Amino acid sequence: MKKVLAIAAALSATALVLAGCSATGGDSGSKTLQVLTYAQGDQVPMYKKFFDQCSADTGYTFEQLQVPANDLLNKAVQLTASGSGPAVILADNQMIAGLANAKALAPITLGSLSASDFVEGPLKSGQFDGKQYGLPVGNNGEVIVYNKKLLADAGLAVPTSWDTLTAAAKALTTSDRYGFGQTFQGGETLSWNYWAQLWSAGGSIAKLDSPAAVESATFWASFLKDGTAPQASLQWQSDNLISEVAAGRLAMAQVGTWTLSKLLSEAKDAGVDIGITTQVSKSGDAPVVPFGGEVMAAGASATGDALKAVNDCIVSWSSDTAGLAERDEFLGYLPSYIPAQAAVLKATPYLQVLSDQLADSRGRTEEVGPNYQSRTVAVSTALQQIATGAATPEEAMKTAQTSAAAADK
Amino acid sequence: MRPRRSSYQRRAALMRLLFIVPVAVFLALVFGYPIGFNLWLTFQSFDLVSMISGVSEFVGLDNITAVLADPNFASAARNTAIFTVASIAIQFVIGMALALFFYNVFPLSKAIRALLVLPWLVPSIVATTAWRFIFKDPSGFANQLLGVVGIPPVHWLTSSDTALVSVIIINIWIGIAFNLVLLHSGLQSVPVDRYEAAQLDGAGYWQRFRHVTLPALGPVIAVLLVLGFVYTLKQFDLIWTLTQGGPGNSSQLLSTWSYTLSFNSNAFGQGAAVADFLFLASAIIIVVYTLVQRKQSNA
């Protein structure tokens with residue numbers, strides 16, 4: 001009898017679990033909408049506050065599910081394929097082409113917003129094949145920060161070209177200080193730091209073994225090879241770089257704009273005066289740069305009323321201009337929605353450099369569309385190989401092109 | 001009488017079959033299906049689009065030739081071979097030495113033995129995170145220790161010369177416990193009188209080890225090496241947490257490369273093709289082991 005009871009209990013438990021699955025997975029009667037994101041730390045409560053407002057406005061419950069940034073694209077597709085896909089995807093803008101191409105996204109409308117109120121590049125980063133799938137959350141980018149005093153003492157001008165950056169890095173490297181720091185951790189975080197140099201040499205992401213690609217990769221890896229950049233940066237992200245800059249152990253660094261407010265406050269405490277300038281280019285002209293920042297996109301699992309609720313929520317991110325300025329200021333972003341830009345630039349004037357850079361920007365997937373991911377992997381491996389001397393630039397970039405092309409559709 | 005007997009035999013055969021069914025179903029679901037799916041993927045043009053649409057095409061050997069043509073294949077295969085052989089050999093030698101050491105019971109020997117097993121019990125993600133701090137560039141614990149004796153800091157995980165060696169060191173650290181436990185329990189089952197007999201014949205310590213201990217441990221060692229081989233070959237989370245195969249593929253194994261191909265480059269077919277090579281290597285070892293074992297039990 002005991003056994004029978006145990007079996008019955010197990011069966012009913014299974015039934016409950018199954019019922020639970022269908023309650024969150026199905027469309028009809030489901031009130032929970034999943035938000036897939038790679039937000040971290042104090043960004044999570046910030047987004048929670050925003051999505052709680054969406055929940056209150058629409059009657060649905062928006063719930064965040066966090067995954068590592070490198071896993072988001074795959075996770076979104078997997079969940080969508082399994083029928084319990086996310087209703088909202090907060091994806092890095094370079095993932096939109098891949099997600100839309102895989103049919104993991106649903107098209108949205110701009111609602112009360114007008115397309116001309118958005119910066120063009122970022123608005124386009126929410127599109128694929130002429131359809132709008134999401135709207136930009138805001139934009140960030142990589143800029144160069146430098147220790148003003150160290151540069152002035154050495155009589156150096158702010159670097160703008162390959163030659164001046166290399167010379168400055170060499171001049172500023174001492175036994176207890178490195179001249180120039182970059183993120184060299186494998187993956188997108190490394191590749192997107194490098195694209196502006198590839199473009200400034202006349203190269204394209206579509207052809208990683210072109211002479212321009214080899215030349216620019218040689219330049220970008222030269223700091224580690226010359227010992228003017230710390231070897232540890234092979235496992236560093238922008239967060240690690242800024243504490244070194246603030247401590248005076250790094251004279252210059254290319255860092256993400258999302259770290260600037262932390263950098264400036266840490267440097268202020270340490271009595272270090274920080275300057276901010278654009279990324280360099282081969283000739284010293286204004287560089288064409290990639291822009292970062294998420295697109296808040298509608299997931300293909302949202303249909304009917306749920307999609308309408310998701311659409312309203314996405315539009316409300318920008319239509320609430322004061323809230324947008326506040327949220328983007330918190331994220332270290334410059335709003336892509338122009339009416340909110342002035343307020344953010346006033347509160348965070350250090351984003352002016354980002355604003356200037358965005359004028360000459362290029363979407364990361366413009367050249368290769370959904371084939372972008374394999375190029376990121378291949379180029380970051382190649383750059384690490386060149387930097388550590390494991391391969392010559394020609395070999396490494398040729399391998400990168402071969403590997404990436406083999407994964408192309 | 002004859003028909004009855006044969007019907008009994010038939011029933012017995014049926015019963016035997018019924019006893020096998022649960023295992024067969026379990027194996028088919030848990031092992032057969034994933035391996036079969038992986039093999040199917042190897043010959044398909046499966047990508048992110050197919051994941052949702054479910055549509056993919058047969059592409060013959062394209063995925064396998066693409067993987068073999070990729071210069072990364074040779075380096076990942078070489079790294080996997082070095083990683084596996086070095087890990088198993090050194091783990092085994094250290095594990096054997098420790099097992100012999102702990103064969104003699106002395107005060108606290110049980111407690112120390114238990115502590116040595118700890119690395120094996122700690123979830124590998126925890127252990128590897130701890131090792132990340134130890135190997136941190138440039139001021140991790142390992143470099144601080146080296147600094148005490150005046151050796152300049154080593155770029156453990158951030159140099160293409162040392163990354164593979166560093167992950168091997170950590171894998172050995174994890175694997176010693178497994179070797180120690182199996183060999184120690186193996187030693188307990190060696191009859192003491194054999195040692196006494198050998199000693200009476202005038203055998204020294206090494207001769208006793210060589211001619212009594214090793215032969216008696218034979219089956220244990222065989223199991224140990226086979227399991228060690230399979231565990232090491234499929235090692236993934238260790239590398240992934242520490243280096244993600246970097247810098248620049250210098251610690252890339254077939255397992256991590258397969259993952260990168262599938263889930264970072266979204267080339268699922270190529271990832272599956274690399275995984276096939278891992279299956280193949282494991283299968284060869286296990287078949288050889290089974291054949292040797294069968295020969296031994298028949299002898």
Side-chain angles (χ1 to χ4, degrees), chain A residues 70-71 73-82 85 95 98-99 101-104 184-188 190 221 224 230-236 300 370-378 380-391 395-396 398-400 402-409, chain B residues 45 47-55 62-63 65-75 132 135-140 143 153-163 240 242-252 256-257 259-271 273:
Chain A
N70 278 342
D71 295 348
L73 179 61
N74 240 276
K75 194 78 186 170
V77 174
Q78 265 175 31
L79 287 171
T80 306
S82 73
M95 298 172 178
L99 286 169
N101 188 48
K103 301 200 166 35
F184 242 81
Q185 190 181 59
E188 179 61 19
L190 166 52
L224 270 161
Q231 185 100 12
S233 61
L234 282 157
Q235 292 203 329
W236 278 359
N371 291 330
Y372 180 77
Q373 313 299 328
S374 54
R375 272 145 218 287
T376 279
V377 174
S380 84
T381 303
L383 285 167
Q384 285 190 340
Q385 283 173 332
I386 303 168
T388 55
E395 282 167 10
K398 196 168 185 315
T399 305
T402 313
S403 302
D408 279 353
K409 311 297 172 303
Chain B
S45 66
D47 56 16
L48 278 181
V49 179
S50 344
M51 262 174 97
I52 293 178
S53 68
V55 181
D62 280 8
N63 288 321
T65 48
V67 162
L68 289 176
D70 194 318
N72 294 322
F73 181 79
S75 84
R132 256 187 96 106
F135 280 159
K136 197 174 165 188
D137 188 358
S139 54
N143 280 338
V154 173
H155 303 296
W156 295 101
L157 299 169
T158 51
S159 156
S160 52
D161 301 326
T162 51
W240 200 251
L242 288 164
T243 64
Q244 303 213 343
N249 274 349
S250 59
S251 58
Q252 192 79 276
T256 50
W257 191 43
Y259 182 90
T260 306
L261 280 172
S262 296
F263 300 110
N264 291 345
S265 301
N266 303 315
F268 299 104
Q270 291 181 38

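Proteins come first, then strands; the chains are lettered A, B, ... in the order of their sequence lines, and each starts at number 1. Keep in mind it's a predicted model, so treat the numbers as computed, not measured.
At a threshold of 4.5 Å between non-hydrogen side-chain atoms, the residues B:D137 and A:W236 do not count as touching. The closest side-chain heavy-atom distance from B:V49 to A:N101 is below 4.5 Å. Side-chain atoms of B:N266 and A:L73, non-hydrogen and from C-beta on, do get closer than 4.5 Å to each other. When side chains are defined from C-beta on, B:S53 does not count as touching A:K103, because their heavy atoms never get closer than 4.5 Å.
Put simply, of B:D70, B:D161, B:T243, B:L261, the one with the most heavy-atom pairs under 4.5 Å next to chain A is B:D70. Among A:T388, A:L224, A:T80, the residue with the largest count of heavy-atom pairs under 4.5 Å with chain B is A:T388. Among A:A232, A:A406, A:A390, A:A378, the residue with the largest count of heavy-atom pairs under 4.5 Å with chain B is A:A232. No other option in B:T260, B:N72, B:V67 has as many heavy-atom pairs under 4.5 Å with chain A as B:N72.
Residue B:N264 holds its CG atom at 9.0 Å from OG of A:S380, rounded to the nearest 0.5 Å. Taking CZ from B:F268 and CG from A:N74, the interatomic distance works out to 4.5 Å, rounded to the nearest 0.5 Å. To the nearest 0.5 angstrom, B:T158 atom OG1 is 10.0 Å from A:Q384 atom CD. Rounding to the nearest 0.5 Å places CD of A:Q235 at 9.0 Å from CD of B:Q244. One finds the CZ atom of B:F263 at 14.0 Å from the CD atom of A:Q373 (value rounded to the nearest 0.5 Å). The CG atom of A:L234 sits 10.5 Å away from atom CG of B:L157, with the distance rounded to the nearest 0.5 Å.
Using a 4.5 Å cut-off between heavy atoms, A:A300 does not touch chain B at all. For B:F135, no part lies under 4.5 angstrom from a heavy atom of chain A. For A:V377, the part lying under 4.5 angstrom from a heavy atom of chain B is the side chain only. Looking at B:N249, both its backbone and its side chain come within 4.5 Å of chain A, counting heavy atoms on both sides. Of the atoms belonging to A:Q78, heavy atoms from both backbone and side chain fall under 4.5 Å from chain B. For a residue to count as touching a neighbouring chain, one of its non-hydrogen atoms must lie under 4.5 Å from one of that chain's; by this rule B:S45 does not touch chain A.
Of all heavy-atom pairs between B:L48 and A:A102, the closest is O-CB, 3.6 Å. A:A407 and B:S265 make their closest contact through CB-O, 4.3 Å (heavy atoms, listed as atom of the first residue, atom of the second, distance).
Under a 3.5 Å cut-off, the side chain of A:Q231 and the backbone N or O of B:P138 do not form any donor-acceptor pair.
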